[in-house]
Number of protein chains: 2
Amino acid sequence: MLQRARVCVEGQSMSTQTPASTTTDSTPAADAGDDLQRSGRDATATRHALVRAARRRFATDGYRATTVRQIAADAGVNVALINRYFVSKEGLFEACMLRTSDELDTQTPPRPADVEGIIARLVEHVVNAPDGDDPLQLLLLLRSSGDENADGIRRRTLEHFTKRLATAAGWSPTDPDTADLMLRAQLAIATMLGVVMLRTSAAVQPVASAGSDDLDAPLGEVFRLLLSRPV
Amino acid sequence: MLQRARVCVEGQSMSTQTPASTTTDSTPAADAGDDLQRSGRDATATRHALVRAARRRFATDGYRATTVRQIAADAGVNVALINRYFVSKEGLFEACMLRTSDELDTQTPPRPADVEGIIARLVEHVVNAPDGDDPLQLLLLLRSSGDENADGIRRRTLEHFTKRLATAAGWSPTDPDTADLMLRAQLAIATMLGVVMLRTSAAVQPVASAGSDDLDAPLGEVFRLLLSRPV
DNA sequence: CTCGGGTGTAAACGCATGCTGACTTATCGA
DNA sequence: TCGATAAGTCAGCATGCGTTTACACCCGAG
């Protein structure tokens, strides 16, 4: 190892970030080449830019098809910095996965339950797939790096997300009546992932060009069927 | 191009195939290394073995992560024969995709409708995912090679499958009451793909180890909700 | 027998990839 | 002001990839 080798998630802990970067959060940015012309010399911003670019590339193109040079170019950063800050390509992927895991955590409630609200948010995620970064992070959960570490994180993230969703829908480890909610919540997640996949990666019609008006109703039905308790 | 460059699907048109190959069809064969110790000198059998091995590799590991040497080793065949018979790795992928497209075609009825029967078959496909070759071919539909040709075939296959399923469920291009069935059929396909993905690629619990008893009911509900006309 | 084409083999080529180590440049406290 | 250290740059290495080329083998037709 070189020096200290800090493979951190650099998530909610950073505060003084993004200098000279106008597109910080939820701007569309359909083109892959933003983050350019940064006024360097800011390690935190550099790491952030790398993770941002990497998440997009990994999610859309997959792990193997993405090259570190592409990521570095997208982030407007020298290639060697990937190895400096994340040790390896796989370390960067792991950081992306951890970040997605954290974001997913903050977006799903820990314990209580408001099934209709949850359903609405799930649908929103799927529908907004082509734009923004939020739905792409879902596709990241389907991408395998082939490495034990990163894929373990991926599996645990999906299982944790499942438990969160099932809990929000009323699952309880003690109540045998809610035992199947775990599996049902996971089927809902599988549906989400499948739809996002078809919409973005494969661009299959008609679902790829379907809007909120077309998708809200059937998706809501499916999620309601899976997550609402039959009283 | 070298000589004639026949990139054929070699599907239903071959009859005198598989000499000295005991495991021809639906044997489990969870290990990746069958097809070995072939008694060479049979181009048809060689092509068949290559496609068989390639489909498994492409479906499980993805296009980029699969190497031609792996495929050749799985098929018990020299690497150069891939280029001889399929011109390139991408040509082999295209042949795999075409074969999947054809098999999917023969398995879905062309016009009539027996929704319950269709649903039962869809569920069967998903549940049997870890074993056999049938469900793996579904994952192939999610894999992108990055090439225009193969990915076009993939998109068209998915769209054709959508139309088949919607038609079987009662969709008619003239009847406006059935207009949304197209999208609903595609959501059903997305659900299938998502579940198979979670079961095989990510091995996420509890869906990965769920059996027919656990999956039949909720999956049937979802497919029925999406495909059955509300009278 | 011999010839020729179909089949399989072995070795290597060119290239792109991930990664490394030595170097330069900016930043900031003493 | 100045040097120590962090931040970034550059050229190149080693490897694995897809592909190609040249060669050996088998077998039926003439």
Side-chain angles (χ1 to χ4, degrees), chain A residues 1-8 10 16-17 19-20 35-50 54 57-58 61-73 75-94 145-147 150, chain B residues 1-8 10 16-17 19-20 35-50 53-54 57-58 61-73 75-95 145-147 150:
Chain A
M1 61 184 74
L2 19 147
Q3 56 178 8
R4 267 199 290 162
R6 42 191 162 174
V7 185
C8 65
E10 53 117 348
T16 60
Q17 64 191 31
D35 289 281
L36 275 168
Q37 63 214 47
R38 316 171 332 100
S39 65
R41 298 278 153 189
D42 184 339
T44 311
T46 298
R47 282 200 295 266
H48 185 65
L50 279 175
R57 284 284 185 184
F58 285 146
D61 301 341
Y63 180 79
R64 302 298 277 254
T66 303
T67 72
V68 290
R69 290 176 223 266
Q70 279 178 342
I71 296 173
V77 147
N78 193 284
V79 204
L81 295 182
I82 289 180
N83 300 105
R84 179 192 286 279
Y85 292 131
F86 301 96
V87 179
S88 66
K89 178 189 182 184
E90 198 274 322
L92 177 56
F93 183 75
E94 203 173 309
S145 72
D147 173 89
Chain B
M1 60 187 77
L2 21 144
Q3 56 178 7
R4 269 198 290 165
R6 41 194 160 169
V7 185
C8 66
E10 53 118 345
T16 61
Q17 63 191 30
D35 288 283
L36 277 167
Q37 64 213 51
R38 316 173 330 104
S39 65
R41 299 273 149 195
D42 184 340
T44 311
T46 298
R47 281 200 295 267
H48 185 65
L50 278 175
R57 284 285 184 183
F58 285 147
D61 301 341
Y63 180 80
R64 301 297 279 256
T66 302
T67 72
V68 289
R69 292 176 222 266
Q70 280 178 340
I71 296 173
V77 147
N78 193 284
V79 204
L81 296 182
I82 289 179
N83 298 101
R84 181 193 285 281
Y85 292 130
F86 301 97
V87 180
S88 66
K89 177 189 183 184
E90 199 273 323
L92 177 55
F93 183 76
E94 202 172 310
S145 71
D147 172 89

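Note on naming: letters A, B, ... go to the chains in the order of the sequence lines (proteins, then strands), and numbering restarts at 1 for each one.
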*Asks:* Can you give me the closest heavy-atom contact between A:Ser145 and A:Ala150, atom names plus distance?
*Replies:*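 That closest heavy-atom pairing would be OG-CB, 3.5 Å.
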
*Asks:* Can you check whether B:Thr46 has a side-chain N or O nearer than 4.0 Å to OP1 or OP2 of C:dG8?
*Replies:*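 Yes, within the criterion.
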
*Asks:* Taking the six-membered ring of B:Phe58 as reference, does the cationic atom of B:Lys89 (NZ for Lys, CZ for Arg) lie under 6.0 Å from its centre and within 45° of its axis?
*Replies:*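 Because its charged atom misses either the 6.0 Å distance or the 45° angle limit, B:Lys89 does not stack over B:Phe58.
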
*Asks:* B:Tyr85 side chain: which of D:dT9, C:dA10, C:dT7 is closest?
*Replies:*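 Nearest nucleotide to the side chain: C:dT7.
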
*Asks:* CG of A:Asp42 versus C1' of D:dT5: gap in Å, rounded?
*Replies:*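 Result: 16 Å.
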
*Asks:* Could you check how far CG of A:Leu81 sits from C1' of D:dC10, rounded to whole Å?
*Replies:*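 In whole Å, D:dC10 C1' and A:Leu81 CG are 12 Å from each other.
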
*Asks:* Looking at every non-hydrogen atom in both residues, tell me the closest pair between B:Ala72 and B:Leu50 and how far apart they are.
*Replies:*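 Residues B:Ala72 and B:Leu50, closest heavy atoms: CA-CD2, 4.3 Å.
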
*Asks:* Would you tabulate the pairs of protein nitrogen or oxygen atoms and nucleotide nitrogen or oxygen atoms of nucleotides 23-25 of chain D closer than 3.5 angstrom?
*Replies:*
from   : atom 1 : to      : atom 2 : distance (Å)
D:dC25 : O2     : B:Arg41 : NH1    : 3.3
D:dC25 : O2     : B:Arg41 : NH2    : 3.2

*Asks:* Indicate the atoms forming the closest heavy-atom contact of B:Ala53 with B:Ile71, along with that distance.
*Replies:*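 Smallest interatomic distance, heavy atoms only, reads CB-O, 3.8 Å.
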
*Asks:* If the condition is salt bridge (charged side-chain N to carboxylate O under 4.0 Å, His left out), which residues does A:Asp61 pass it with, not counting sequence neighbours?
*Replies:*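 Per chain and number, A:Asp61 pairs via salt bridge (charged side-chain N to carboxylate O under 4.0 Å, His left out) with A:Arg57.
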
*Asks:* Is the shortest side-chain heavy-atom distance between A:Thr44 and A:Arg47 below 4.5 Å?
*Replies:*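 They are in side-chain contact.
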
*Asks:* Tell me, do A:Glu90 and A:Tyr63 make a side-chain contact under 4.5 Å, heavy atoms counted?
*Replies:*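 Answer yes - side chains close enough.
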
*Asks:* For B:Asn78 and D:dA22, give me the distance from atom CG to atom P, rounded to whole Å.
*Replies:*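 In whole Å, D:dA22 P and B:Asn78 CG are 17 Å from each other.
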
*Asks:* Would you tabulate the nitrogen or oxygen pairs shorter than 3.5 Å linking the protein to nucleotides 16-19 of chain D?
*Replies:*
from   : atom 1 : to      : atom 2 : distance (Å)
D:dG18 : OP1    : B:Thr66 : O      : 3.3
D:dG18 : OP1    : B:Lys89 : NZ     : 2.9
D:dG18 : OP2    : B:Val68 : N      : 3.0
D:dG18 : N7     : B:Arg69 : NH2    : 2.7
D:dG18 : O6     : B:Arg69 : NH2    : 2.9
D:dT19 : OP2    : B:Asn83 : ND2    : 3.3
D:dT19 : OP2    : B:Lys89 : N      : 2.7
D:dT19 : O5'    : B:Asn83 : ND2    : 3.4

*Asks:* To the closest 0.5 Å, what do you measure between CD (B:Glu94) and CG (B:Leu92)?
*Replies:*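 Spacing of CD (B:Glu94) from CG (B:Leu92) equals 10.5 Å.
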
*Asks:* When the distance from CZ of B:Phe86 to C1' of C:dT7 is rounded to whole Å, what number comes out?
*Replies:*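 The distance from CZ of B:Phe86 to C1' of C:dT7 comes to 14 Å, rounded to the nearest Å.
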
